[in-house]
Amino acid sequence: MRLLLAILITVGLLATSDLLSILFYFDLLWILVVSTSLWAAIDSTRIGLQRYKLIISCRPVLLFSICSLFWIFVFPWYLWARFKIKADEVDFKEENLEEAGKMKPFFRRFSKNAARVAEYALLLTVVAILAIWSFFTVESWRAPRIWTNYKQQLEAKGETLDWNDEIPPLVPDSQNFFEAPMMSEWFVRPIGGINIGNNLQFLTAYTNITPRLQIASITIGPQSNTSNGDIILNFDDFESHRQAMQLLQNTAGKGMFDAIGSCILTAQPFATIQVKPLKIFLLASKTPDISSLKAFFTGFPSGGAITFTPAGSNSFYASAQFASANDYLKWSDQFDGDFNLMRDALQRPYARINGNYDSPIIMPIPNFISLRCVSQTLAEQAKCHLLLGQPDKALQELTLLNNLRRTLEFAPSNKPMSLVTAMINVAILGVYVDTINDGFQLNAWEKPQLETLKSQLQQINLAPFLKNAFHEDEVYALRLSQQMFRQYDIQRDLNLTLRQKNGLVYSRNILPAIYYLNIMNVAKLDEPISDCIDSHQDIVWPQKVAALEQDHDNFFKVHFWQFDKLLALIAVPDFSRALQKFAHHQNEVNEAEIVCALEQYRLLHSSYPKALDALVPQYIHQLPNDVIDGQTMKYRLISDDQFVLYSIGWDKMNDGSRYMPSLNFGDWTWLGH
């Protein structure tokens, strides 16, 4: 009967604690455990618990420690023992002085001291656990309130961190690109995989390319020696960089690098491809590494159509594979029906992937592999048409490429939903602009294509989309953390039922503290990233990026071990690289728009203008600015038929169009001729 009463008292205390926790939105369990354990320790001294023959008889410090750790078992056990002592149903211990006297003094002291050490070690463990628990309890009470205030400040600025606000609105299927025939099969990632959809898997199956052929021998040194090479180039000169690319591309006749940098496309029929290797002397203060050579000769720092093999301490052999433009077009004709389906689907004004947006993990996303393969194939076809003197057909392929890219902007919401989507958009934009540039290097574009290209380029401004993407990535991380901890922000809704309120109270205080501290750090780290972009002036601020990157490095360096930084380590993106890539490709777009106007001017006046102001307003309504500083692009006329157009680059240093094999240094230059 006494044991049942002890259990009932314990259960009653638990029920009362749970009810009060629900009413006050605060877990009181740990307070119950500590207070009752402390009461038991004090009460055991008052009733002389150590004098009785009970297993639970022990010193007060030890009782407090054990009861705190195993409260659900020890506390009712103590109540039962207390009831028995009060009823005089327990015998006193018999002191066996004879046996104690036989024990040597050393062992008596050792046994006593060992018991004391173990007792206090256990007490220190309990105190440490309680200190940690108290810290999390305070944080679980404090952090939600700080988080609520932070969200209110954002809302006052017109920003929101509500996941539902980021979900694209529903659009009619008849006006939705992704609901057109085959579009979702091709361009929506299948559940459980990212395979290329249906027929698109054959886009990369072209194999009619030559074996690797030697195209040049390159000697590098600080001083030129005309007897060592037929062609002298300067590693630090952008004009030499462009000349080197053209020389290597034209070793088998008129050619250009393909869209993925795997081979050189040439206008020659496949059976007639022949290469006369070049001898090149490259002026450089020190021998560059392989990646720098690739960047100089191909524009592809991490890959490229050309393989460089060391031939000595300061010399290399360059080799490449070739493909015939005409043969590639004949092979790719099999995809015309698929591309026409895409053109028809793109007549629909909206792009929304229908599906379940409840969780970032299961929400539908584009099939990036399919988009990449289609974009590269269209760029490849456009390059082939340019080589064969068919700029009108090249423009058709580029228009389809650009329109497919725009589906990643998800009209009418214009929210990319993730930073990955925005960066795929930027990457495809790079392929699009590089192909336009190839047409300029071949002098292939004519007046009708120039006007259309200029119109397309004028409409490209990815700054607002990237700014949205950083914000959405923040919301994405917060939503994911909510689902990881299976808890959403607690709202003090008085209309909730008792059962609903019970669902909002944790059984532990640690989880809410971890949740709120983590999302606070993610928000504080992510929020300033979008401030590095001025979407009104279309400017990226490299100095802000560098300062923020240093802040992040310091943050993780000092606090990398702390639990409240775990989500930030995973969720905060590599924003510096993303912003730099965006700035470079957007700057290429702005340069290409100006070059279209320059070419229109040249076609009418037989020479380029002395200054960019001569283009306004007849050839271009407004000159696009440098993305880095918001100023007018730098322009220098070299001759009547040659110019240099450049941005000051990521380092914000005007180097006079000096070439560097890295986006971090040097100017971002466009050489026109």
### Task
Mind jotting down which residue pairs meet the side chain to side chain donor-acceptor pair (under 3.5 Å) criterion with at least one end in residues 263-275? Sequence neighbours excluded, please.
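Passing the test, one end in residues 263-275: no pairs.
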
We want to know whether [X] and [Y] form a side-chain donor-acceptor pair, criterion being a heavy-atom distance below 3.5 angstrom.
X    : Y    : value
D626 : S647 : yes
D641 : S639 : yes
R212 : T307 : yes
N354 : E179 : yes
Q214 : S319 : no
N437 : Q441 : yes
Q347 : D344 : no
D289 : S292 : yes

Reported [atom1]-to-[atom2] distance for the pair [X] and [Y], which is rounded to 0.5 angstrom:
X    : Y    : atom1 : atom2 : value
S455 : Q459 : OG    : CD    : 5.0 Å
D629 : Q537 : CG    : CD    : 10.5 Å
M245 : L671 : CE    : CG    : 11.0 Å
I264 : F257 : CD1   : CZ    : 5.0 Å
K634 : L612 : NZ    : CG    : 10.5 Å

### Task
May I ask you to test the Q376-R372 pair for a side-chain heavy-atom distance under 4.5 Å?
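They are in contact (side-chain heavy atoms under 4.5 Å apart), so the answer is yes.
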
### Query
Is the number of heavy atoms from other residues, nucleotides or ligands under 6.0 Å of K652 NZ greater than 12?
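Yes, because the 6.0 Å sphere around NZ of K652 holds more than 12 heavy atoms from other groups.
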
### Query
In terms of heavy-atom contacts, does NE2 of H605 have more than 12 from other residues, nucleotides or ligands at under 6.0 Å?
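Check passes, neighbour count above 12.
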
#### Entry: Those residues that, when tested against Q586, pass side chain to side chain donor-acceptor pair (under 3.5 Å) (two or more places apart)
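With neighbours one apart ignored, the set is N590.
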
#### Entry: Closest approach of G355 to P364 (non-hydrogen atoms, all atoms of both residues)
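In terms of heavy atoms, the two residues are closest at CA-CG, 3.9 Å.
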
### Smallest separation among heavy atoms of W650 and A583, with atom names
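Heavy atoms only, the tightest pair is CZ3-CB, 4.0 Å.
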
### E451 vs K454, salt bridge (Lys or Arg N to Asp or Glu O under 4.0 Å): CA-CA, chis, key distance, verdict
CA-CA 5 Å; E451 189 61 38; K454 186 172 66 174; 3.7 Å; yes

### Task
Please name all residues satisfying ring-ring contact (aromatic ring centres under 6.0 Å, His included) with Y206, sequence neighbours left out, ordered by chain then number.
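Residues passing ring-ring contact (aromatic ring centres under 6.0 Å, His included) with Y206: Y328, W331.
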
### Query
Are K415 and E166 ion-paired here, with the side-chain N under 4.0 Å from a carboxylate O?
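So K415 pairs with E166 through a salt bridge.
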
### Query
Is it true that R636 and E239 have a side-chain N and a carboxylate O under 4.0 angstrom from each other?
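A salt bridge is absent here (no side-chain N lies under 4.0 Å from a carboxylate O).
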
#### Entry: Stepwise side chain to side chain donor-acceptor pair (under 3.5 Å) check, Q642 with Y608
CA-CA 7 Å; Q642 192 173 20; Y608 292 114; over 6 Å; no

### Message
Counting the benzene-type ring for Trp, do F410 and Y350 have ring centres under 6.0 Å apart?
### Response
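They do not qualify: ring centres at least 6.0 Å apart.
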
#### Entry: F296/F235 aromatic ring centres below 6.0 Å
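That pair passes the under 6.0 Å test.
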
### Task
Would you please test Y619 and L604 for side chain to side chain contact (heavy atoms under 4.5 Å, CB included) and show each step?
CA-CA 11 Å; Y619 302 96; L604 186 62; 3.0 Å; yes

